[in-house]
There are 2 protein chains.
Amino acid sequence: MSKPDGLRNQKKAETRQAISNVATRLFVERGFENVSVAEVAREAGVARKTVFNYFLRKEDLIFDREEEVRTLVRDAIVNRGSQSPVHAFQALMRTLAVTGHPIFHMSARPIQFWRTVVESPALTTYARELQVTLANDLGEMLADAVHRPHADPDARLAAAMLVSALVVAYGDALRAFREQQDPEAAFISVMERGFVGVNATVVGTPYA
Amino acid sequence: MSKPDGLRNQKKAETRQAISNVATRLFVERGFENVSVAEVAREAGVARKTVFNYFLRKEDLIFDREEEVRTLVRDAIVNRGSQSPVHAFQALMRTLAVTGHPIFHMSARPIQFWRTVVESPALTTYARELQVTLANDLGEMLADAVHRPHADPDARLAAAMLVSALVVAYGDALRAFREQQDPEAAFISVMERGFVGVNATVVGTPYA
DNA sequence: TAGAAACTTACACTCAGTGTAACTTTTTAG
DNA sequence: CTAAAAAGTTACACTGAGTGTAAGTTTCTA
């Protein structure tokens with residue numbers, strides 16, 4: 001299951017990380033559209049083609065943590081005990097919001113990162129893409145949890161509305177941050193309001 | 001407000017329509033990524049650059065009706081009488097679903113169009129972009145309707161969840177269509193379930 | 001230690017999208 | 001009616017993302 005840690009795999013990991021680091025730094029410094037892949041390659045001391053060998057798209061150079069989120073969510077749902085799957089997901093989000101898990105990037109440091117994303121149309125679009133993927137995955141996890149088919153509309157609806165609420169809540173947290181208000185309070189307030197709606201939506205389904 | 005209909009403007013409109021028609025036909029026939037802009041230009045008897053003079057992006061060649069939706073929604077909310085703005089929007093959607101308004105593309109003919117969209121990553125992404133724009137606009141319209149600031153999180157949340165529900169409902173309608181079931185029934189069922197959640201979310205706000 | 005496997009690189013290509021300057025058509029004014 | 005100007009089209013040249021291929025180079029395996 002895990003890789004046989006030879007020299008080759010070690011170097012690969014290092015190269016990948018080096019490219020991603022250089023790219024992220026350049027993007028944050030000068031904006032995503034103002035840095036070409038050729039430049040990233042040059043700065044990382046590697047051929048342009050090598051960059052594309054490691055990363056399918058230029059956008060992948062900066063987005064590298066989707067898997068982490070997916071894992072957190074999956075674990076929370078699988079190990080949910082007697083809670084409903086939707087409740088387990090909501091509990092996870094409350095925890096992450098309060099503990100300030102880096103995924104949520106709500107502290108001052110990662111704001112710079114998100115500014116880079118928001119200021120780039122391509123990165124904004126890609127972030128939305130990841131969002132949709134998360135909603136789809138969440139839908140399947142919810143359906144799995146109650147042994148329903150992956151395409152179950154109730155699961156898809158619940159997942160879509162959950163993610164919607166979180167995205168709006170996160171947007172409002174960023175606004176609060178900009179306006180020198182408490183981003184965490186803003187986040188929780190909007191998130192909880194959204195959860196009320198989701199809970200009403202899933203009433204009468206096994207997801208409640 | 002309206003254009004002074006000279007020969008020039010008439011020709012412009014014709015050229016634009018001609019290009020869009022040719023492009024749409026080619027995309028539907030052979031897939032979005034298998035048709036280059038150069039090909040569209042050639043087939044339309046026009047220079048490649050002219051295509052980009054009319055359409056900012058290749059994707060715009062096939063998506064041409066966003067404005068129509070926006071107008072429908074705006075009118076429904078402005079002329080809502082004594083209803084709440086959220087209710088007015090929901091009523092509009094119910095009406096459109098039942099009357100089979102072409103915007104919803106739920107009948108057999110436009111299925112081909114949507115198949116083209118779904119089979120193309122670029123068009124799928126772009127469609128989502130339009131979705132987000134719709135949600136943002138709807139949020140502002142809702143806020144306007146009750147004289148709250150455009151950034152009001154309650155409005156943004158309601159709008160995002162409404163659009164989410166509709167998108168999931170439409171997706172399920174397409175599934176139903178593929179499985180030879182009633183797409184309209186599927187659409188309405190999921191949509192109404194989503195509306196229940198949205199209504200719970202906006203309880204206690206002026207949007208309810 | 002030699003050959004196989006994996007990786008990197010150079011190179012050549014396609015296509016989206018932009019900028020510019022020359023050219024053509026429509027409009028407008030005298 | 002006609003000439004200048006305004007608007008539109010075109011050819012051309014360019015940047016940058018992304019792909020395919022074949023030839024090198026490095027690491028692994030036996």
Side-chain angles (χ1 to χ4, degrees), chain A residues 2-20 22-24 26-27 29-63 116-117 119-127 129, chain B residues 2-20 22-24 26-27 30-63 116-117 120-127 129:
Chain A
S2 61
K3 309 283 162 58
D5 232 67
L7 217 196
R8 172 168 289 162
N9 286 306
Q10 189 186 326
K11 276 198 175 178
K12 268 179 72 173
E14 278 169 12
T15 303
R16 187 191 168 90
Q17 195 59 52
I19 295 174
S20 171
V22 166
T24 302
L26 290 178
F27 293 160
E29 275 174 16
R30 306 188 356 229
F32 184 74
E33 355 276 331
N34 301 322
V35 179
S36 70
V37 174
E39 219 169 336
V40 172
R42 205 180 322 121
E43 197 89 359
V46 103
R48 199 179 77 99
K49 180 71 212 235
T50 299
V51 174
F52 282 113
N53 285 345
Y54 281 99
F55 302 90
L56 287 183
R57 325 182 50 188
K58 190 187 176 191
E59 286 86 342
D60 288 322
L61 287 165
I62 195 172
F63 281 115
T116 306
V117 173
E119 282 172 358
S120 155
L123 288 182
T124 302
T125 295
Y126 198 61
E129 211 72 14
Chain B
S2 62
K3 309 284 163 58
D5 231 69
L7 216 195
R8 174 166 288 162
N9 286 306
Q10 189 187 325
K11 274 199 174 177
K12 268 179 74 173
E14 277 168 12
T15 303
R16 187 190 167 90
Q17 196 57 53
I19 295 173
S20 171
V22 166
T24 302
L26 289 178
F27 293 160
R30 309 194 347 236
F32 184 74
E33 356 275 331
N34 301 323
V35 179
S36 70
V37 174
E39 220 169 335
V40 172
R42 203 180 325 119
E43 196 90 359
V46 105
R48 201 178 75 101
K49 181 70 210 232
T50 300
V51 174
F52 281 112
N53 285 345
Y54 281 98
F55 302 91
L56 286 183
R57 326 181 51 188
K58 190 187 176 189
E59 286 86 343
D60 288 323
L61 286 166
I62 195 171
F63 280 115
T116 304
V117 173
S120 156
L123 288 182
T124 302
T125 295
Y126 197 62
E129 211 71 14

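Lettering follows sequence order; numbering is per chain, from 1. Values below: all heavy atoms of this structure, side chains included; hydrogens, waters and symmetry mates excluded.
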Requested in this report: Look at the side-chain N and O atoms of Thr50(B) and state whether any lies under 4.0 Å from the OP1 or OP2 oxygen of dT9(D).
Outcome: no
Requested in this report: Compare side-chain N and O positions of Ser36(A) against OP1 and OP2 of dG16(D) and report whether any pair is under 4.0 Å apart.
Outcome: no
To the nearest Å, how far apart are [X] [atom1] and [N] [atom2]?
{"X": "Glu33(B)", "N": "dC15(C)", "atom1": "CD", "atom2": "P", "answer": "13 Å"}
{"X": "Ile19(A)", "N": "dC7(C)", "atom1": "CD1", "atom2": "C1'", "answer": "12 Å"}
{"X": "Phe32(B)", "N": "dA16(C)", "atom1": "CZ", "atom2": "P", "answer": "8 Å"}
{"X": "Arg30(B)", "N": "dC15(C)", "atom1": "CZ", "atom2": "P", "answer": "11 Å"}
{"X": "Gln10(A)", "N": "dC7(C)", "atom1": "CD", "atom2": "P", "answer": "14 Å"}
{"X": "Phe55(A)", "N": "dA17(D)", "atom1": "CZ", "atom2": "P", "answer": "15 Å"}
{"X": "Lys58(A)", "N": "dT19(D)", "atom1": "NZ", "atom2": "C1'", "answer": "17 Å"}
{"X": "Tyr126(A)", "N": "dA17(D)", "atom1": "OH", "atom2": "P", "answer": "15 Å"}

Pairwise distance [atom1]([X]) to [atom2]([Y]) - rounded to 0.5 angstrom:
{"X": "Lys12(A)", "Y": "Tyr54(A)", "atom1": "NZ", "atom2": "OH", "result": "6.0 Å"}
{"X": "Thr124(B)", "Y": "Glu129(A)", "atom1": "OG1", "atom2": "CD", "result": "8.0 Å"}
{"X": "Thr15(B)", "Y": "Asn53(B)", "atom1": "OG1", "atom2": "CG", "result": "11.0 Å"}
{"X": "Phe32(A)", "Y": "Glu119(A)", "atom1": "CZ", "atom2": "CD", "result": "13.5 Å"}
{"X": "Phe27(A)", "Y": "Ile62(A)", "atom1": "CZ", "atom2": "CD1", "result": "6.5 Å"}

Report task. Evaluate side-chain contact (heavy atoms from CB on, under 4.5 Å) for Glu43(B) paired with Val40(B), printing each intermediate quantity in order. Result -> CA-CA 5 Å; Glu43(B) 196 90 359; Val40(B) 172; 5.9 Å; no
Requested in this report: Kindly write out the residues that satisfy side-chain hydrogen bond (donor to acceptor under 3.5 Å, both in side chains) with Ser36(A), not counting sequence neighbours, or none if the list is empty.
Outcome: none
Query raised in the report: Which one, dG17(C), dT25(C), dT10(D), comes nearest to the side chain of Lys11(B)?
Result: dT25(C)
Report task. Consider the side chain of Phe52(A), meaning its heavy atoms from C-beta on, and name the nucleotide among dA16(C), dA17(D), dT8(C) that approaches it most closely. Result -> dA17(D)
Query - Salt-bridge present (Arg30(A), Glu39(A); N to O < 4.0 Å) - result: yes
Report task. For Tyr126(B) and Asp60(B), test the side chains for any donor-to-acceptor distance below 3.5 angstrom and give the result as yes or no. Result -> yes
Extract from the structure each pairing of a protein N or O with an N or O of nucleotides 4-8 of chain D at less than 3.5 Å, listing the distance.
| from | atom 1 | to | atom 2 | distance (Å) |
| --- | --- | --- | --- | --- |
| dA7(D) | O4' | Arg8(B) | NH1 | 2.6 |
| dG8(D) | OP1 | Lys12(B) | NZ | 2.5 |

Report task. Please state whether the base of dG16(D) and the side chain of Arg48(A) form at least one donor-acceptor pair under 3.5 Å? Result -> no
Query raised in the report: Less than 4.5 Å apart, any side-chain heavy atom of Thr116(A) and any of Thr24(A)?
Result: no
Query raised in the report: Which part of the nucleic acid does Arg57(A) contact within heavy-atom distance under 4.0 Å: base, sugar-phosphate only, or nothing?
Result: sugar-phosphate
Requested in this report: Describe the nucleic acid contact of Val35(A) in one word from base, sugar-phosphate, nothing, applying a heavy-atom distance below 4.0 Å.
Outcome: sugar-phosphate
Under 3.5 Å, which protein N or O atoms sit close to an N or O of nucleotides 19-23 of chain C? Give each pair with its distance.
| from | atom 1 | to | atom 2 | distance (Å) |
| --- | --- | --- | --- | --- |
| dG19(C) | N7 | Lys49(B) | NZ | 2.7 |

